[in-house]
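A short worksheet on the structure shown next.
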Protein chains: 2
Amino acid sequence: MAADRFIIERDFLIIETTVKKIIVGFAKPLSCHNCRMNNFCLPLGLDADDLDKLEELIERKKPLQPREGVFFSGDPFTSIYAVRSGSIKSFCIDPDGREQVTGFYFPGEIFGWDGLADEHYQNTAIALETTSVCEIPYEQLDDLGNSIPSIQKHMMRLISREINADQRLIALLAGNSAQQKIASLLLSISDRLVKQKLSSTRLWLPMSRGEISNYLGLTVETVSRVLGHFQRKKYLAVNKKEIEILDKQALRDLMLSAEEVE
Amino acid sequence: MAADRFIIERDFLIIETTVKKIIVGFAKPLSCHNCRMNNFCLPLGLDADDLDKLEELIERKKPLQPREGVFFSGDPFTSIYAVRSGSIKSFCIDPDGREQVTGFYFPGEIFGWDGLADEHYQNTAIALETTSVCEIPYEQLDDLGNSIPSIQKHMMRLISREINADQRLIALLAGNSAQQKIASLLLSISDRLVKQKLSSTRLWLPMSRGEISNYLGLTVETVSRVLGHFQRKKYLAVNKKEIEILDKQALRDLMLSAEEVE
DNA sequence: AAATCCAACTGATGTAAATCAACTCAAGGT
DNA sequence: ACCTTGAGTTGATTTACATCAGTTGGATTT
């Protein structure tokens with residue numbers, strides 16, 4: 001008990017007790033200027049002046065605990081969000097009550113656009129791990145867009161990115177085998193980790209096997225078996241949620257053709 | 001040969017010869033005000049003044065022949081399009097060269113947003129039948145949006161609709177059986193025909209079985225068999241591309257639960 | 001340290017849909 | 001009137017993945 005102390009990890013201010021760590025806030029004042037992600041997040045392509053104005057409306061919330069929700073299906077649409085650190089899963093509930101994962105979001109990626117059309121979020125978004133997000137109130141963003149055309153244009157481009165991502169997923173789901181789906185997801189996550197200046201080959205999956213299988217339209221057993229198969233073929237080294245990509249080219253090749261013989 | 005004459009069908013001016021009809025243009029000056037679709041197309045929610053300004057930039061192109069392209073994957077992004085009559089299929093080419101249908105668009109629906117993010121269309125869009133579209137040059141639309149906030153807001157809402165549609169398709173592809181996928185598509189098309197003030201039960205599919213199967217991640221044979229099955233169960237009457245929905249509730253029930261026994 | 005829990009993995013079996021292979025039929029061309 | 005072509009359907013067979021049924025191992029509780 002006497003051992004409790006404050007420490008700093010990443011951007012977080014943390015109380016470390018003998019048994020666990022509790023994130024209590026940010027270690028330093030946050031701004032897009034000093035954000036690791038500013039090269040491809042919301043600020044991308046904005047000049048310093050516009051960025052300053054945009055900054056004023058961004059609210060940095062206190063970090064989310066794992067499984068904590070950002071917004072829920074049916075909530076009135078108020079804001080879009082950027083992942084600052086950690087990861088987010090977004091999912092909707094089918095008419096028959098089943099959950100369907102529609103996306104995973106990593107640092108620098110924007111989520112929440114789905115609520116714009118009818119002013120209520122269609123999806124629920126929850127943190128997969130300890131996660132911090134930047135909230136951008138839409139009404140204010142919209143006002144800013146009306147006075148600064150470059151921000152407006154930028155915003156449209158960001159929404160369109162979501163369309164592109166969704167359509168890539170559609171193509172993946174409609175026309176690929178279990179192996180191709182999983183290879184594709186791993187390569188996609190790997191690419192996105194590079195943007196965080198992390199290793200492209202050693203990755204840590206924040207989501208469970210169940211969440212992966214749901215996202216890809218498979219079962220947990222199949223995901224498990226395919227990962228096992230990739231490991232046996234020395235494409236991967238798998239240790240629970242830790243994955244090392246040993247042969248990225250083999251995974252890429254898998255996307256292009258039917259699998260070579262065993 | 002002497003029998004050639006001009007006739008008018010729908011909005012089209014047509015030369016009728018003894019053997020075939022050729023569409024040569026529009027029968028009357030076109031405007032959103034007199035468009036059958038104005039209740040839920042681009043104009044939705046705009047007041048008369050704003051609509052007038054929007055109208056000025058809309059180009060009504062001469063009707064497209066079946067299979068004719070509107071834009072092609074890789075083309076520079078210039079415009080978005082609204083279907084005025086007929087239907088459009090949009091598709092992309094996978095890394096491995098396969099075609100993947102990403103959407104079907106019916107009158108009043110907008111397509112082309114996918115090109116916004118990187119200023120080149122990701123998809124190719126072609127007419128499934130004789131089709132007329134309204135072209136809205138994006139640069140001008142954007143300028144108009146900058147001076148008229150309501151148009152801006154409206155535009156964002158339209159893009160978000162595309163996201164919602166794509167995510168519904170993701171959920172359909174990831175978690176449903178062949179029967180559920182096909183039931184869902186038919187119900188969706190039926191709903192959209194109602195907006196054209198057409199029958200919700202007698203419908204004509206402008207796309208081939210191959211295009212349906214590709215869109216839903218199935219094979220032509222499966223589509224054919226499921227339609228046959230639905231016909232035997234008296235859910236549908238199928239005659240090539242003509243479908244009559246006999247038991248809409250049965251199709252809806254299919255979406256909610258595993259199928260009842262044969 | 002034993003008991004509980006749950007995510008992940010593995011094996012045996014079942015099945016929905018893919019694949020392979022005809023066959024039908026309407027449309028167009030010669 | 002005959003031949004070709006391609007979309008659609010139907011049947012037989014195969015297969016990839018789901019389902020069912022344990023087992024394992026790490027984390028949490030008692």
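Because only heavy atoms are used, hydrogens play no part in the values below, and waters and symmetry mates are left out as well, while side chains stay in. Convention: sequence-line order gives letters A, B, ...; per-chain numbering from 1. Just so it is clear, the structure is predicted and the values come from calculations on it, not from any experiment.
- Atom CG of A:N214 and atom C1' of C:dA7 are 16 Å apart (whole Å).
- Under the 30°/60° scheme for interplanar angles, the aromatic rings of B:Y81 and B:F111 are found to lie parallel.
- Using bins of under 30°, 30° to 60° and over 60° for the plane-to-plane angle, the ring pair A:Y235/A:F230 lands in the tilted bin.
- Within 6.0 Å of NZ on B:K240 lie no more than 12 heavy atoms contributed by other residues, nucleotides or ligands.
- In this structure, A:R209 places its CZ atom 18 Å from P of D:dC17, rounding to the nearest Å.
- In this entry the distance linking CG of B:L205 with P of D:dA7 reads 16 Å, nearest Å.
- Remark: B:Q180 CD to A:D96 CG distance equals 7.0 Å, nearest 0.5 Å.
- Nucleic acid contact for B:K181: none, since no nucleic acid atom lies under 4.0 Å from a heavy atom of the residue.
- Here the C1' atom of nucleotide C:dA8 and the NE2 atom of A:H229 are 19 Å apart, to the nearest Å.
- As rounded to whole Å, 14 Å separates atom P of C:dC9 from atom CZ of A:F230.
- Nucleic acid contact for B:S208: sugar-phosphate only, since backbone atoms but no base atoms lie under 4.0 Å from a heavy atom of the residue.
- In this structure, the side chain to side chain contact (heavy atoms under 4.5 Å, CB included) partners of A:E99, at least two apart in sequence or on a different chain, are A:K89, A:F91, A:I93, A:V101.
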Enumerate all atom pairs, one protein N or O and one N or O from nucleotides 11-17 of chain C, separated by less than 3.5 Å.
residue, atom, partner, partner atom, Å
C:dG11, N7, A:R225, NH1, 2.9
C:dG11, O6, A:R225, NH2, 3.4
C:dA17, OP1, B:A178, N, 2.6

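- Atom NZ in B:K241 sits about 15 Å away from atom P in D:dG6, given to the nearest Å.
- We find that CZ of A:R232 is positioned 11 Å from P of C:dC9, with the value rounded to whole Å.
- Checked for salt-bridge contact, B:R67 and B:E211 meet the test: a charged N lies under 4.0 Å from a carboxylate O.
- In this entry the distance linking NZ of A:K240 with P of C:dC9 reads 9 Å, nearest Å.
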